[in-house]
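Notes to accompany the following structure.
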Amino acid sequence: GEMRSSGPHVSRPPPAVAYSHHRRFWELDEALTARLLSRCRGEGVSVHAALCTAFLPDFPSIHTSVNARALLARPVGECVGDLVGSVMVRLRYREGRTFWANARRFQRRLRRGLVNPFGMYRLFSKAVGPGLMEKLGPLLVKLQGKARPFGITNLGRLDDRASELFDRTDLRLESFFGAMTPKFDASAVSVYTVRGRMRVN
């Protein structure tokens with residue numbers, strides 16, 4: 001039989017991966033928020049360390065956002081991107097210890113990581129050329145966490161910056177979305193407090 005060519009071979013891109021997005025939202029009332037803040041002060045633990053420790057049993061690798069703009073040689077205004085990075089703390093929750101003992105361990109490990117927030121980035125950039133950084137960046141995040149990336153950003157009290165706007169308008173602050181979520185297929189928690197109520201999104 002005669003063989004016929006079906007034309008030039010056309011490579012097709014792989015099918016897009018369909019990611020589903022889920023949201024959970026908790027709000028602490030003023031009394032519970034005040035109790036949490038007071039207990040953290042009494043235990044000598046930052047609120048952020050306590051929040052991270054609450055997630056630690058399920059997520060033993062937690063990224064904490066770091067604003068690295070103050071470390072740069074020139075001011076960058078409102079630019080973001082690589083100028084806001086993260087420090088990853090990998091820590092196993094010890095069931096034999098109290099929650100607050102685990103929180104103090106987390107805080108010590110986080111402080112060590114904050115001494116040089118560019119450390120991992122420097123090591124990675126020495127081995128990889130600038131052209132590959134964008135492609136391999138998500139891989140680095142996943143390798144650090146050994147699983148689906150998980151990060152917590154605590155924005156603190158927003159009253160000074162936001163309450164005046166809310167008082168003059170009908171606007172209501174509902175949620176924030178972590179920038180790492182769509183890029184890395186990650187889970188991200190944003191925490192903020194407005195008018196004495198802590199929101200965990």
Side-chain angles (χ1 to χ4, degrees), residues 26 28 32-76 79-127 137-161 176 178-181 183-184 186-193 198-201:
W26 298 274
L28 282 64
L32 194 53
T33 300
R35 280 178 55 198
L36 174 61
L37 299 180
S38 175
R39 184 66 186 267
C40 287
R41 282 192 296 270
E43 295 287 346
V45 171
S46 69
V47 174
H48 184 75
L51 291 168
C52 289
T53 304
F55 286 93
L56 205 54
D58 296 314
F59 298 96
S61 299
I62 299 180
H63 291 265
T64 291
S65 297
V66 178
N67 184 353
R69 298 178 196 177
L71 303 176
L72 301 175
R74 297 178 181 172
V76 294
C79 295
V80 291
D82 286 336
L83 308 176
V84 178
S86 68
V87 168
M88 196 209 50
V89 173
R90 187 182 296 139
L91 193 66
R92 188 176 299 279
Y93 188 93
R94 294 184 180 173
E95 297 290 345
R97 296 191 177 188
T98 67
F99 173 85
W100 296 105
N102 278 287
R104 282 187 282 274
R105 287 178 60 234
F106 186 94
Q107 183 164 293
R108 287 193 297 270
R109 189 73 61 86
L110 177 60
R111 281 180 174 165
R112 285 204 301 265
L114 289 172
V115 170
N116 184 13
F118 286 130
M120 181 59 70
Y121 183 85
R122 283 197 186 102
L123 289 174
F124 191 60
S125 61
K126 284 180 181 178
L139 177 61
L140 173 67
V141 172
K142 290 193 176 187
L143 288 174
Q144 277 186 290
K146 293 186 176 179
R148 186 175 189 181
F150 178 77
I152 299 180
T153 300
N154 184 5
L155 299 168
R157 290 178 65 247
L158 297 183
D159 295 83
D160 297 338
R161 287 166 282 178
F176 288 90
M180 66 185 286
T181 306
K183 189 170 184 179
F184 300 118
S187 297
V189 176
S190 295
V191 184
Y192 54 93
T193 302
M198 181 179 288
R199 276 90 167 187
V200 182
N201 182 60

Value rounded to 0.5 Å, distance of CH2 in W100 from OG1 in T53: 8.5 Å
Rounded distance [0.5 Å steps], NE2 in H48 versus OG1 in T153: 7.5 Å
Residue pair F99 / A54: nearest heavy atoms and the distance that separates them: CE1-N, 3.7 Å
Nearest non-hydrogen partners of M198 and L51, listed with the distance: SD-CD2, 4.3 Å
For the student: nearest non-hydrogen atoms of A101 and T98, plus distance: N-OG1, 3.1 Å
Inter-residue atom distance M88.CE - L110.CG, 0.5 Å rounding: 11.5 Å
Min side-chain heavy-atom separation S38-R35 under 4.5 Å: no
Value rounded to 0.5 Å, distance of OG in S187 from CD1 in I62: 11.5 Å
Heavy-atom side-chain contact between C52 and T64 under 4.5 Å: yes
Whether N201 side chain and S190 backbone form a donor-acceptor pair below 3.5 Å: no
Heavy-atom side-chain proximity of F150 to V189 below 4.5 angstrom: yes
Exercise: identify the closest heavy-atom pair between Q107 and G44: NE2-O, 3.4 Å
Nearest heavy atoms of C40 and A50, plus distance in Å: SG-CB, 3.7 Å
Reported OH-to-CG distance for the pair Y192 and L158, which is rounded to 0.5 angstrom: 8.5 Å
Distance in Å, S46 OG paired with L37 CG, rounded so as to fall on 0.5 Å steps: 11.5 Å
Considering all heavy atoms, the nearest N154-V191 contact: OD1-O, 3.5 Å
Salt bridge (Lys or Arg N to Asp or Glu O under 4.0 Å) contacts in which one or both residues fall within residues 97-108, not counting sequence neighbours: E43-R104
